[in-house]
Amino acid sequence: MVGWLLLAESSSPGGFDFILMADLKPLFSLDGDLVAAEALLRDVFGIVVDEVIRKGTSASEKVCEWKEPEELKRLLDLELRSQGEAPEQILARCRAVIRYSVKTCHPHFFNQLFSGLDPHSLAGRVITESLNTSQYTYEIAPVFVLMEEEVLKKLRALVGWSSGDGVFCPGGSISNMYAMNLARYQRYPDCKQRGLRGLPPLALFTSKECHYSIKKGAAFLGLGTDSVWIVKTDERGKMMPEDLERQISLAEAEGAVPFLVSATSGTTVLGAFDPLEAIADVCQRHGLWLHVDAAWGGSVLLSQTHRHLLDGIQRADSVAWNPHKLLAAGLQCSALLLHDTSNLLRRCHGSQASYLFQQDKFYDVALDTGDKVVQCGRRVDCLKLWLMWKAQGGQGLERRVDRAFALAWYLVEELKKREGFELVIEPEFVNVCFWFVPPSLRGKQENPDYSERLAKLDREPSHWASLNVLRLMRDSLLSCCRALAGNSGH
């Protein structure tokens with residue numbers, strides 16, 4: 001029998017009674033009234049469909065009804081009180097939360113590297129939240145333990161690996177941090193017990209266009225930001241392998257021990273893809289762990305037309321990939337993939353907690369994946385991607401990626417037709433970077449101070465929009481949303 005014992009105060013002085021949690025009645029905020037609880041949830045789901053799915057995906061509605069912080073606090077009435085509120089008031093609060101939130105599913109939302117609304121992914125998220133389980137043992141999450149491994153296997157195959165390991169992480173930043181920790185542990189396994197005192201000064205290498213989580217991870221892991229050596233990039237934002245060689249030599253000359261290179265496939269601003277084959281050659285010569293931060297660009301692997309941008313990724317030791325970005329799988333869906341087959345994740349992070357990871361269970365305890373991660377409780381992030389993939393198929397997801405590229409090329413051509421817009425670079429990904437050139441600077445590109453004056457405008461609050469980095473995603477599945485809203489217009 002699976003269960004926990006609770007200690008409850010006994011009626012006898014100083015005594016306690018043992019109560020099985022399985023014997024307790026379910027607790028509802030509506031005093032155990034299941035009918036009222038179901039009615040509340042149906043009403044809430046109705047509000048979500050109306051306010052988020054219908055209105056939130058309509059181009060005729062606002063992306064956000066913006067309010068300044070103090071006004072928003074007043075409108076939401078955020079204070080928590082000792083007395084509860086009636087269901088009608090709770091429903092009103094649900095509507096207010098949605099009303100004043102940013103609708104990331106809106107067709108005009110371009111602010112982040114995620115957008116849109118996939119109905120199958122949303123269905124998966126609803127199921128995940130309703131089941132409220134933790135992805136650490138087979139006994140508590142049997143369906144999702146098996147599902148996670150199948151999804152990770154598929155992602156690894158797209159990278160080019162027939163075997164390996166992996167785990168879903170709470171964001172790409174944590175995936176990058178895990179990769180750094182694994183690379184350090186592989187080289188110095190004693191560090192798990194002895195800590196930093198057993199290590200020489202270490203050095204890791206990444207480009208100047210890398211995600212900021214690399215330096216954050218170095219700080220969090222105790223390596224320090226000084227351990228991060230910045231490699232130059234070319235005019236398109238790609239890491240320069242020749243400078244990587246130079247930085248490795250400089251680090252060694254200063255007494256540091258190089259241990260990892262973090263390349264990027266799809267940089268945040270320019271959308272650059274580092275030359276992985278050349279970088280892998282450098283790593284092979286120096287015996288360094290190669291990590292590829294493909295949080296943004298990893299989904300390009302689904303496209304037969306564009307996957308060449310990640311040529312060489314199969315030579316990496318680890319890959320970070322966020323399907324919640326380009327594939328619109330919903331936040332959050334972040335995978336760390338490993339080529340390793342030696343159980344490195346579990347050896348590096350495991351603590352063998354006997355109350356949770358018993359070795360005498362009635363099933364294969366290798367299915368208890370919780371010791372692979374630093375977390376204990378871990379939310380289920382595989383269902384949203386699995387359900388979406390089941391519905392769309394690999395071909396449908398490939399079309400989604402290819403459409404994003406097509407939309408980006410369309411935007412580029414439209415920008416070129418319009419006066420006052422200047423491309424920063426010709427894009428190779430779906431990041432379209434451009435300047436808006438004010439009338440006072442148009443036609444003056446040959447002036448020696450042109451670039452300086454244009455950049456100065458970007459630093460002035462009244463001209464913050466003069467530099468625009470538009471992360472053009474796939475469309476927001478408007479056909480589905482219009483069908484829900486009963487609108488078949490274009």
Side-chain angles (χ1 to χ4, degrees), residues 113 152 154-161 163-169 171-184 186 204-215 217-218 228-231 233 236-241 244 248 258-268 270-303 306-327 333-340 344-345 401 428-429 431:
L113 296 183
L152 292 171
K154 186 66 175 180
L155 297 180
R156 289 195 301 266
L158 286 167
V159 170
W161 301 334
S163 60
D165 203 352
V167 69
F168 277 92
C169 298
S173 294
I174 301 299
S175 297
N176 290 337
M177 192 183 304
Y178 271 23
M180 294 162 63
N181 199 40
L182 291 164
R184 179 174 65 177
Q186 185 193 55
L204 64 96
F205 306 85
T206 192
S207 84
K208 65 187 294 289
E209 296 291 333
C210 75
H211 192 259
Y212 65 84
S213 61
I214 302 301
K215 281 196 171 183
V228 181
W229 291 67
I230 301 301
V231 181
T233 58
R236 298 193 60 82
K238 300 173 182 286
M239 182 188 291
M240 300 173 65
L244 174 60
I248 291 171
F259 77 105
L260 173 140
V261 173
S262 180
T264 310
S265 289
T267 58
T268 304
L270 295 176
F273 287 76
D274 289 340
L276 299 181
E277 287 283 10
I279 293 170
D281 289 341
V282 175
C283 291
Q284 186 174 339
R285 281 195 295 272
H286 293 274
L288 305 182
W289 180 290
L290 174 56
H291 173 64
V292 178
D293 177 4
W296 179 213
S299 296
V300 179
L301 289 169
L302 285 154
S303 170
H306 302 290
R307 62 171 291 131
H308 64 87
L309 292 171
L310 295 100
D311 281 351
I313 195 171
Q314 74 281 356
R315 298 177 64 185
D317 296 287
S318 57
V319 173
W321 180 350
N322 287 5
H324 70 239
K325 292 182 176 174
L326 192 57
L327 292 184
C333 189
S334 304
L336 172 66
L337 308 174
L338 296 178
H339 201 190
D340 172 80
L344 183 65
L345 266 171
V401 173
E428 65 175 352
F429 192 27
N431 299 47

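Given the structure is predicted, the values throughout are model-derived calculations rather than measurements.
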Under a 4.5 Å cut-off applied to non-hydrogen side-chain atoms, are [X] and [Y] in contact?
{"X": "Trp229", "Y": "Leu204", "value": "no"}
{"X": "Val401", "Y": "Leu327", "value": "yes"}
{"X": "Cys169", "Y": "Val167", "value": "yes"}

For the [atom1] atom of [X] and the [atom2] atom of [Y], what is their distance to the nearest 0.5 Å?
{"X": "Ser213", "Y": "Ile174", "atom1": "OG", "atom2": "CD1", "answer": "8.5 Å"}
{"X": "Ile313", "Y": "Ser265", "atom1": "CD1", "atom2": "OG", "answer": "5.0 Å"}
{"X": "Asp317", "Y": "Arg315", "atom1": "CG", "atom2": "CZ", "answer": "10.5 Å"}
{"X": "Cys210", "Y": "Ile230", "atom1": "SG", "atom2": "CD1", "answer": "5.0 Å"}
{"X": "Ile214", "Y": "His291", "atom1": "CD1", "atom2": "NE2", "answer": "5.5 Å"}
{"X": "Glu428", "Y": "Leu270", "atom1": "CD", "atom2": "CG", "answer": "10.0 Å"}

Distance-only, no hydrogens or angles: does the [X] side chain make a donor-acceptor pair with backbone N or O of [Y] under 3.5 Å?
{"X": "Thr206", "Y": "Ser262", "answer": "yes"}
{"X": "Lys238", "Y": "Thr233", "answer": "no"}
{"X": "Arg236", "Y": "Gly271", "answer": "no"}

- Task: Could you tell me which residues satisfy ring-ring contact (aromatic ring centres under 6.0 Å, His included) with His306, sequence neighbours excluded, listed by chain and number?
- Result: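 Phe405.
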- Can you sort out the partners of Trp161 under ring-ring contact (aromatic ring centres under 6.0 Å, His included), two or more places apart, ordered by chain and number?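 For Trp161, the residues satisfying ring-ring contact (aromatic ring centres under 6.0 Å, His included) (neighbours in sequence not counted) are His339.
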Shortest non-hydrogen separation from [X] to [Y] and the atoms involved:
{"X": "Leu288", "Y": "Pro258", "result": "CD2-O, 3.4 Å"}
{"X": "Ala179", "Y": "Leu260", "result": "O-CD1, 3.9 Å"}
{"X": "Val282", "Y": "Pro241", "result": "CG2-O, 4.3 Å"}
{"X": "Leu276", "Y": "Val292", "result": "CD2-CG2, 4.0 Å"}
{"X": "Gly297", "Y": "Leu310", "result": "O-CD1, 3.8 Å"}
{"X": "Trp289", "Y": "Cys283", "result": "O-SG, 4.5 Å"}

- Does atom NZ of Lys215 have more than 12 heavy-atom neighbours from other groups under 6.0 Å away?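 No, because the 6.0 Å sphere around NZ of Lys215 holds 12 heavy atoms or fewer from other groups.
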List the residues meeting side-chain hydrogen bond (donor to acceptor under 3.5 Å, both in side chains) with [X], not counting sequence neighbours, and say none if there are none.
{"X": "Asp274", "value": "none"}
{"X": "Gln314", "value": "none"}
{"X": "Ser334", "value": "Asn322"}

- Task: For the pair Leu152 and Phe168, evaluate side-chain contact (heavy atoms from CB on, under 4.5 Å) and give the outcome as yes or no after the intermediate values.
- Result: CA-CA 8 Å; Leu152 292 171; Phe168 277 92; 3.8 Å; yes
- Derivation and outcome, side-chain contact (heavy atoms from CB on, under 4.5 Å), residues Val228 and Phe205: CA-CA 6 Å; Val228 181; Phe205 306 85; over 6 Å; no
- Item | side-chain contact (heavy atoms from CB on, under 4.5 Å) assessment of Trp321 paired with Asp293 | CA-CA 7 Å; Trp321 180 350; Asp293 177 4; over 6 Å; no
- Query: Looking at Asp165 and Arg156, does any basic side-chain N land under 4.0 Å from a carboxylate oxygen?
  - Reply: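 Here Asp165 does not pair with Arg156 in a salt bridge, since their nearest N and O are not under 4.0 Å apart.
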- Query: Only one of Thr267, Thr264, Thr268 clears side-chain contact (heavy atoms from CB on, under 4.5 Å) with His211; which?
  - Reply: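 Of Thr267, Thr264, Thr268, side-chain contact (heavy atoms from CB on, under 4.5 Å) with His211 is met by Thr268 alone.
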- Message: Test of understanding: with salt bridge (charged side-chain N to carboxylate O under 4.0 Å, His left out), list the residues that count as partners of Asp311, not counting sequence neighbours.
- Response: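 With neighbours one apart ignored, the set is empty.
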